[in-house]
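Remarks on the structure that follows.
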Amino acid sequence: MTITDELQELRERGLAAIAGAADLPALEAARVAYLGKKSELTSTLRGLGQLAADMRATVGQHANELRADFEEALEQRKAALAGAALSATIESGRLDVSLPGRARPLGTQHLINAIKDEVSEIFFGLGYRLAEGPEVEDDFHNFTALNHSPMHPARSASDTFYVRDLSEEGAAFDGPEPSEILMRTHTSPVQIRTLQAQQPPVYVISPGKVYRRDIADPTHLPQFTQMEGLAIDEHLTFADLKGTLDYVVRKIFGEQRRTRFRPHFFPFTEPSAEVDVSCGVCGGVGCRFCKGTGWIEILGCGMVDPNVLVNTGIDPERYQGFAFGMGVERIAALRYDMPDIRLLIEGDMRFLRQF
Ligand code: 2U9
């Protein structure tokens with residue numbers, strides 16, 4: 001075989017290896033094999049000096065052409081592989097916009113807030129306004145202004161969560177003095193603040209979270225939601241209170257329901273009453289649901305004690321009023337026949353999703 005034939009055979013092998021390189025590392029291996037220092041082509045070029053002059057020119061020309069052709073073929077293959085790699089990347093990242101989207105479960109309002117809003121709307125329809133205030137309160141607004149005697153049991157540390165500011169100099173968790181700061185035990189202090197800030201007429205509702213040192217059981221929670229209301233005006237009587245609450249209870253539970261007012265005692269109202277609604281299961285004749293009485297207790301109320309008006313700078317000779325309070329969780333439990341109000345706050349979606 002002549003050198004020219006050998007170069008022709010090398011050309012075919014080299015071009016085939018370059019064209020057959022499947023990726024960039026394989027292409028680099030082909031470059032080393034056919035253009036590298038130890039390649040046949042390099043030794044041919046190095047050996048040119050030993051050839052006769054006429055052969056040297058011909059072989060030199062062919063070998064240099066072959067080197068140029070290998071280099072060009074390498075460049076072309078490299079570009080083709082890079083293009084293929086880019087296409088593969090694009091292909092793998094392609095989005096099928098016709099695929100259905102991932103379903104994301106939607107959150108909804110909690111039943112407690114839904115009932116709070118529903119009852120609030122009934123009062124807004126009667127002209128009441130929303131009053132809000134702090135959940136961390138002081139003794140005056142939570143107890144003293146509301147006519148609680150200094151030794152009233154609700155003030156005890158076993159009924160009320162007291163709060164201490166531990167960032168203060170020398171403060172200890174069990175400080176020597178009783179704390180004046182507490183978690184509000186009802187939303188009544190919001191109404192005390194309203195009366196301090198504005199003169200009657202006042203018609204407000206104050207829904208919100210309240211805190212009592214109770215152990216959770218089917219009918220108690222250490223944190224629950226209250227809806228309280230207050231009306232202070234000239235000439236308000238117990239008849240206004242009865243008419244208002246009878247209307248609201250029928251709006252909440254249904255027009256066919258009736259109400260009953262039983263005498264009761266609260267420190268902040270006089271006279272005071274507890275309000276029952278006729279049983280929705282038996283219509284008032286007596287059944288297991290109402291424990292045979294035909295009635296279910298739903299809220300407390302009364303005429304605001306004159307002492308409370310005096311405590312907030314309002315003249316009780318000119319103004320009178322009524323107040324009421326109900327537990328939102330209790331309303332929810334009655335309306336949906338729940339055996340245990342703890343279900344409302346445990347976050348079990350199988351239960352909450354029903355409403
Ligand atoms: C002012 C004056 C009087 C608010 C009232 C009740 C009766 C009542 C309970 C219902 C169930 C608390 O959630 S519960 O445990 N509340 O029975 N609350 S009168 O009386 C006020 C409020 C503010 C200035």
Is it true that, when you exclude Q354 itself, more than 12 heavy atoms of the residues, nucleotides or ligands shown sit nearer than 6.0 Å to its CD? yes
I'd like to know if the side chain of H110 pairs up with that of N113 as donor and acceptor (distance under 3.5 Å, no hydrogens or angles considered). no
Is the cationic atom of K209 (NZ for Lys, CZ for Arg) positioned less than 6.0 Å from the six-membered ring centroid of F224 and within 45 degrees of its normal? no
Is it the case that the side chains of Y319 and E234 hold a donor-acceptor pair, with the cut-off being a distance below 3.5 Å and no angle test? no
Looking only at heavy atoms, which two atoms of G36 and T42 are closest? And how far apart? O-OG1, 2.7 Å
So CG of L146 and CZ of F266: to nearest 0.5 Å the spacing works out to 12.5 Å
Distance in Å, L309 CG paired with R318 CZ, rounded so as to fall on 0.5 Å steps: 13.0 Å
Applying side chain to side chain contact (heavy atoms under 4.5 Å, CB included), run through L35 and E71 and close with a yes or a no. CA-CA 8 Å; L35 285 176; E71 279 168 356; 3.6 Å; yes
Check whether L24 and I90 end up in the same hydrophobic cluster, where Ile, Leu, Val, Met, Phe, Trp and Tyr are linked by side-chain heavy atoms less than 4.5 Å apart. no
Enter the distance from L299:CG to L245:CG here, rounded to the nearest 0.5 Å. 5.5 Å
Would you sort out whether R13 and E40 count as a salt bridge (Lys or Arg N to Asp or Glu O under 4.0 Å), showing the intermediate values? CA-CA 11 Å; R13 254 192 301 128; E40 290 167 63; 3.0 Å; yes
Could you tell me if the side chain of P207 sits less than 4.5 Å from the side chain of S120, heavy atoms only? yes
Where do D117 and Q109 land on the side-chain hydrogen bond (donor to acceptor under 3.5 Å, both in side chains) test, with the steps shown first? CA-CA 10 Å; D117 286 357; Q109 194 181 36; 2.8 Å; yes
Would Y336 and F355 satisfy side chain to side chain contact (heavy atoms under 4.5 Å, CB included), going step by step from the backbone distance to the final call? CA-CA 9 Å; Y336 297 105; F355 306 105; 3.6 Å; yes
Under 4.5 Å between any side-chain heavy atoms of S278 and W295, yes or no? yes
Return each pair, listed once, that meets ring-ring contact (aromatic ring centres under 6.0 Å, His included) where at least one residue sits in residues 117-137; pairs must be two or more places apart or across chains. F123-Y128, F123-F324, Y128-Y203
Separation between OG1 (T44) and CZ (R67), nearest 0.5 Å, reads 11.5 Å
D159 bridged to R213 by N-O distance under 4.0 Å: no
Do I112 and L344 come close enough that some side-chain heavy atom pair is under 4.5 Å? yes
If you count the non-hydrogen atoms of other residues, nucleotides and ligands that lie under 6.0 Å from CE in M349, is the total more than 12? yes
Have D5 and T2 got a donor and an acceptor in their side chains that come within less than 3.5 Å? yes
Can I298 be reached from V281 by stepping across I, L, V, M, F, W or Y side chains whose heavy atoms are under 4.5 Å apart? yes
V328 and Q226, any side-chain heavy atoms less than 4.5 Å apart: no
For the CG atom of D139 and the CD atom of E180, what is their distance to the nearest 0.5 Å? 5.0 Å
Could you check T269, N307, N311 and say which one makes a side chain to side chain donor-acceptor pair (under 3.5 Å) with N147? N307
Check the side chains of T144 and R155 for a donor-acceptor pair under 3.5 angstrom, ignoring hydrogens and angles. yes
Does the side chain of D246 pick up a donor-acceptor pair with the side chain of T259 at under 3.5 Å? yes
Hey, mind stepping through Y247 and I122 against side chain to side chain contact (heavy atoms under 4.5 Å, CB included) and telling me if it holds? CA-CA 9 Å; Y247 169 83; I122 298 170; 4.1 Å; yes
Among I232, I192, L230, I314, which one satisfies side chain to side chain contact (heavy atoms under 4.5 Å, CB included) with V308? I192
Do D340 and R342 pass the salt bridge (Lys or Arg N to Asp or Glu O under 4.0 Å) test, and can you show the C-alpha distance, the side-chain angles, and the key distance before you say yes or no? CA-CA 5 Å; D340 191 327; R342 288 176 292 190; 2.8 Å; yes
Please assess I296 against L334 for the test side chain to side chain contact (heavy atoms under 4.5 Å, CB included), listing each intermediate value before the final yes or no. CA-CA 9 Å; I296 296 159; L334 288 176; 3.4 Å; yes
Just grab all the ring-ring contact (aromatic ring centres under 6.0 Å, His included) pairs involving residues 44-94, residues at least two apart or on different chains. Y34-F70
Within the side chain of D23, is there an N or O that forms a donor-acceptor pair under 3.5 Å with the backbone of L81? no
What distance separates R11 CZ from E65 CD, expressed to the nearest 0.5 Å? 7.0 Å
With a sphere of 6.0 Å drawn around CZ of R56, does it hold more than 12 non-hydrogen atoms of other residues, nucleotides or ligands? yes
Can you tell if the side chain of Y162 reaches within under 4.5 Å of the side chain of P178, non-hydrogen atoms only? no
When hydrophobic residues are tied together by side-chain contacts of less than 4.5 Å, even through go-betweens, does L241 share a cluster with V275? yes
Before you tell me yes or no, could you show the steps for Q320 and T237 under side-chain hydrogen bond (donor to acceptor under 3.5 Å, both in side chains), namely the whole-Å CA-CA distance, both residues' side-chain angles and the distance that decides it to 0.1 Å? CA-CA 8 Å; Q320 315 76 44; T237 69; over 6 Å; no
Flag side-chain contact, heavy atom, 4.5 Å: H220 against I215: no
For residues G347 and L352, report the shortest heavy-atom separation together with the two atoms involved. CA-CD1, 3.9 Å
Keeping E168 on the side-chain end and D165 on the backbone end, is there a donor-acceptor pair under 3.5 Å? no
Closer than 4.0 angstrom, basic N to acidic O: yes or no for E255 and R250? no
Are S188 and E228 close enough that a side-chain donor and a side-chain acceptor fall under 3.5 Å? yes
Stepwise salt bridge (Lys or Arg N to Asp or Glu O under 4.0 Å) test for R260 and E274: CA-CA 8 Å; R260 168 174 94 165; E274 276 186 337; over 6 Å; no
Determine, using the 4.5 Å side-chain heavy-atom cutoff (strictly less than), whether F140 and M183 are members of one ILVMFWY cluster. no
Quick check: closest heavy atoms across C279 and C287, and the distance to 0.1 Å? SG-SG, 3.7 Å
Parallel, tilted or perpendicular: which describes the rings of F268 and H148, with under 30° parallel and over 60° perpendicular? tilted
Qualifying residue for side chain to side chain donor-acceptor pair (under 3.5 Å) with S206, from H186, Q191, R193: Q191
Check: G133 main-chain N/O paired with R184 side-chain donor or acceptor under 3.5 Å: yes
In terms of hydrophobic clusters joined by side-chain contacts under 4.5 Å, are I115 and M338 together? yes
Salt bridge between D348 and R350, side-chain N to carboxylate O under 4.0 Å? yes
Kindly indicate whether the side chain of C282, heavy atoms from C-beta on, has any atom under 4.5 Å from the side chain of C290. yes
A side-chain contact here means heavy atoms from C-beta on lying under 4.5 Å apart; do L182 and D138 qualify? no
